[in-house]
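Here's the structure we're looking at; comments come further down.
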Amino acid sequence: MVSELQKRKWTTLFAVFDANNNGVLDQKDFEQFVQRLAQVRGWQPGSLEYSNIHDKQLLYWKRVQEAADKNGDEKVTLEEWLEYHEQLLSAANKYNEIESLGSAVFDLFNPDGKEKMTAEKWEELFVTCNIPRVYVKYTFPQLDLNGDGILSKDEVLQLISEFYLSDDPNAPGNLLFGPHI
Ligand SMILES: [Ca+2]
Ligand SMILES: [Ca+2]
Ligand SMILES: [Ca+2]
């Protein structure tokens, strides 16, 4: 049984991915995301960092497409998206699936594995995803589960798993993309 809370969260995630805000997901959204990230990071198109992230994002989009684009029109509608997540909820391998998706997102923001996900870096992610950055002040301390000022990969994976799956209104992972849930 899917709750309203879960549906709201999946819809929020859809909105985060829908970079050009036209109500469907397709490759353009993921390309726009790369452009924004490059802007935030000061990467020139054609640079090594740029093409690296670009390739990763296109792979990521292919995965989303494979999982959710039921009618194969190279677009993912909100309906298809919700259906995919509903199926994910009852899938035996859901934790593996979510962990590998979460890992891909984390690595995107930490390409060399050396950067620490501080509140400042987290804010960068919000700017890139077009989420109001003012949310970070409120949500970061609750997301930083052990209070050391950094979101570790383990913390992020736990939060992502809560975001995708939890029906608990008090789960910190609900706040992953802002406090409005
Ligand atoms: Ca779109
Ligand atoms: Ca479709
Ligand atoms: Ca921490």
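As the structure lists them, so they are numbered: ligands from 1, and atoms in each ligand from 1. The figures here come from the full heavy-atom set of this structure, side chains too, leaving out hydrogens, waters and symmetry mates. Residue numbers run from 1 in the order of the sequence given.
- Side chains of P45 and Q35 form no contact here, defined as non-hydrogen atoms less than 4.5 Å apart.
- Under the 4.0 Å criterion applied to side-chain N and carboxylate O atoms, R41 and E124 are assigned as salt-bridge partners.
- Using bins of under 30°, 30° to 60° and over 60° for the plane-to-plane angle, the ring pair Y50/H54 lands in the parallel bin.
- Contact check on K70 versus E80 returns no salt bridge, with no Lys/Arg side-chain nitrogen under 4.0 Å from an Asp/Glu carboxylate oxygen.
- Geometry note: the Ca ion (ligand 1) is the vertex, D18 OD1 and V24 O are the arms, and the angle is 90° (rounded to 10 degrees).
- Distances from the Ca ion (ligand 3) to each N, O or S atom of D148 single out OD1 as the nearest.
- Note: Y164 and H85 have parallel aromatic rings, judged against thresholds of 30 and 60 degrees for the angle between ring planes.
- Side-chain rings of W10 and Y84 stay apart, their centers remaining 6.0 Å or farther from each other.
- Not one N, O or S atom of T77 sits under 3.0 Å from the Ca ion (ligand 2).
- In this structure, F177 has its ring center no closer than 6.0 Å to that of Y135.
- Between the Ca ion (ligand 2) and K75 there is an N/O/S contact shorter than 3.0 Å.
- With the Ca ion (ligand 3) as the vertex, atom OD1 of D144 and atom OD1 of N146 span an angle of 90° (nearest 10 degrees).
- For residue I150, an N/O/S atom approaches the Ca ion (ligand 3) to within less than 3.0 Å.
- D73 contributes atom OD1 as its closest N/O/S atom to the Ca ion (ligand 2).
- Taking the Ca ion (ligand 1) as the corner point, the angle from N20 atom OD1 to D29 atom OD1 is about 70° (rounded to 10 degrees).
- Within D69, the N, O or S atom at minimum distance from the Ca ion (ligand 2) carries the name OD1.
- At least one N/O/S atom of E80, from backbone or side chain, sits under 3.0 Å from the Ca ion (ligand 2).
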